[in-house]
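Numbering of residues begins at 1 and proceeds along the displayed sequence. As the structure lists them, so they are numbered: ligands from 1, and atoms in each ligand from 1.
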Amino acid sequence: MKQRATFNSKLGLIMASVGSAVGLGNIWRFPCEAGEHGGGAFLIVYVFCVMILGMVVMLAEFFLGRASQQDSVGAFKILAPRSMWKILGYNGVIAAFLIFGFYSVVSGWTLEYMYQSITGNLNANSVEEFTENFGSFTSDMFRPILWVLVFTLITHFVVLSGVKKGIERASKIMMPMLFVILIILCIRSLMLPNSLAGLKFFFNPDFSKITSGVVLSALGQAFFSVSVGMGCMITYASYFHKSINMPNTAVSVVTIDTLVAILAGVIIFPAVTSFGISPSQGPTLVFVTLPNIFQQMPFGSLWSFIFFVLLAIAALTSIISLHEVATAYLHEQHRMSRFKAATIVSSGGFVLGVICSLSFGVLSHVKILGLTVFDLLDFVTANLMLPIGGMFICIFVGWRVNKKVLKAELTNNGTLKFRLFSVFVFLVKYVAPIIIALVCIKQLGLF
Ligand code: PFF
């Protein structure tokens with residue numbers, strides 16, 4: 001049998017998984033969700049969801065991927081032959097494709113802001129003007145679509161250059177740089193006038209704000225942020241070497257991801273209160289607050305250019321993993337060449353990206369269930385497909401998989417200790433599925 005590709009080194013593999021996890025979800029989506037759902041209240045629920053449930057689903061996915069050495073559909077075919085469980089794999093492939101559609105639009109925005117920074121055009125006289133500039137850019141017919149195309153092409157070529165050369169190398173260099181610049185921005189943001197009010201909003205929980213809707217959003221955001229519930233980590237783990245300590249890797253990835261999200265909050269919310277912006281303004285939040293911060297810094301254009309380059313790269317290492325889920329599936333299950341599989345995914349993703357982009361302009365009146373196409377895809381994937389996918393992944397690993405096989409895989413055939421194995425089994429079998437089910441049922445109004 002042909003030897004499967006693996007990540008080269010332990011660091012490279014952690015970086016690639018972190019690269020998938022850390023992205024627009026942390027820096028764009030997290031502050032936007034936290035702002036819309038009460039700041040501190042959201043943060044508390046989020047940290048619980050990501051550190052407990054996100055981590056459990058991630059480890060379950062790591063198990064599925066490395067034990068089966070398959071893509072997200074193949075994993076279920078190998079571990080539960082001739083059963084319906086493979087539907088979970090299909091849910092993942094479809095979710096990956098749908099997320100790809102709206103993710104490429106926001107990734108395209110980062111390229112525009114990079115371009116505007118370098119040409120010195122990212123300036124405005126007031127918050128209103130920044131908001132207006134952003135609105136007129138995103139509602140344009142051509143410009144955002146051009147950036148979607150550029151971004152999709154870059155993704156396409158990185159995916160084609162393969163696991164080691166493309167994904168691993170890009171993640172290893174860029175992720176630490178992103179971390180450093182985030183810390184610099186935090187310091188800068190905290191020095192703004194009235195920054196304390198923002199910190200209070202972000203860290204001071206008002207428990208009366210916690211509703212089932214807030215919990216579902218936090219759960220969805222947690223899964224989106226650490227890339228679980230849809231087979232992305234199954235696909236990546238299928239490239240893990242057999243000697244990798246998977247429990248430790250899951251802890252590292254989830255912790256780093258959470259830190260980055262919190263750093264993003266510490267940058268955005270002090271700026272929000274300082275500039276008098278509404279924290280609940282949605283997807284525009286980051287693209288209005290950050291240029292404002294940069295404008296007030298010495299060498300602002302340079303900082304903003306570096307920042308948007310890194311954000312674009314963080315987006316790239318995440319979108320690559322979405323692309324890889326669908327490409328690996330077509331390549332392995334339909335026996336297509338990698339080239340053909342990747343071309344189909346890129347072309348389909350581009351078409352979806354165009355529709356999502358236009359939903360800020362000419363298609364803004366097209367609403368399904370009261371949401372634009374962009375918002376609908378975001379809601380359906382993050383708030384439904386990922387939590388439900390995550391729940392069934394837990395049920396599968398907790399109830400269907402033989403515990404001896406599970407333990408052998410997670411301890412590398414007994415060569416490493418996993419002291420919390422029984423805690424993990426308890427969480428994956430009872431706690432995670434029950435909590436996720438209750439949140440979904442409550443939110444759907446079934447009780
Ligand atoms: N985790 C990525 C982010 O936070 O930006 C988004 C993402 C990537 C979600 C891959 C799901 C996925 F499979």
Side-chain angles (χ1 to χ4, degrees), residues 15-34 46 49-50 54-55 57-58 61-62 64-65 71-72 88-89 91-110 151 155 158-159 167 170-171 174-175 178 182 217-238 250 253-254 256-265 283 286 310-329 345 349 377-390 393:
M15 283 300 167
S17 313
V18 170
S20 165
V22 174
L24 297 171
N26 306 61
I27 295 161
W28 161 74
R29 200 174 186 281
F30 173 75
C32 152
E33 289 285 310
Y46 174 77
C49 289
V50 80
M55 183 110 68
V57 181
M58 182 175 288
E61 288 200 16
F62 279 176
L64 294 172
D71 61 279
S72 62
L88 265 182
N91 173 62
V93 174
I94 296 169
F97 184 68
L98 298 180
I99 296 176
F100 189 99
F102 71 86
Y103 208 89
S104 65
V105 174
V106 185
S107 307
W109 297 347
T110 67
F151 208 87
T155 310
V158 178
V159 170
I167 303 176
S171 314
M174 304 301 177
M175 283 297 132
L178 181 73
L182 283 177
S217 299
L219 185 67
Q221 171 61 23
F223 284 8
F224 185 88
S225 192
V226 292
S227 309
V228 298
M230 43 162 291
C232 176
M233 290 299 169
I234 298 181
T235 311
Y236 268 26
S238 72
V253 175
V254 172
I256 295 174
D257 187 79
T258 308
L259 275 180
V260 174
I262 293 176
L263 281 182
V286 167
L310 293 176
L311 188 56
I313 288 159
L316 182 65
T317 52
S318 299
I319 209 168
I320 286 169
S321 66
L322 290 163
H323 197 298
E324 182 66 24
V325 172
T327 304
Y329 159 72
V345 176
L377 291 191
D378 178 294
F379 182 83
V380 168
T381 51
N383 289 16
L384 297 176
M385 294 175 90
L386 303 193
I388 293 174
I393 286 173

Inset, instruction - Return the protein residues near ligand 1 (heavy atom under 4.0 Å from any of its atoms), ordered by chain and residue number. - result: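 For ligand 1, the residues that come within the 4.0 Å heavy-atom cutoff are S20, A21, G23, L24, G25, N26, Y103, F224, S225, S227, M230, C232, S318, S321, L322.
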Please check: side-chain N/O of [X] versus main-chain N/O of [Y], any donor-acceptor pairing under 3.5 Å?
| X | Y | value |
| --- | --- | --- |
| S318 | A314 | yes |
| S20 | S321 | no |
| Q221 | G25 | yes |

Legend entry - For F151, all residues meeting ring-ring contact (aromatic ring centres under 6.0 Å, His included), sequence neighbours excluded: none
Legend entry - Aromatic ring pairing Y46/F30, orientation class (parallel under 30°, perpendicular over 60°, tilted between): tilted
Legend entry - Plane angle bin for W28 and F102 - parallel if under 30°, tilted between 30 and 60°, otherwise perpendicular: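 Ring orientation of F102 relative to W28: tilted.
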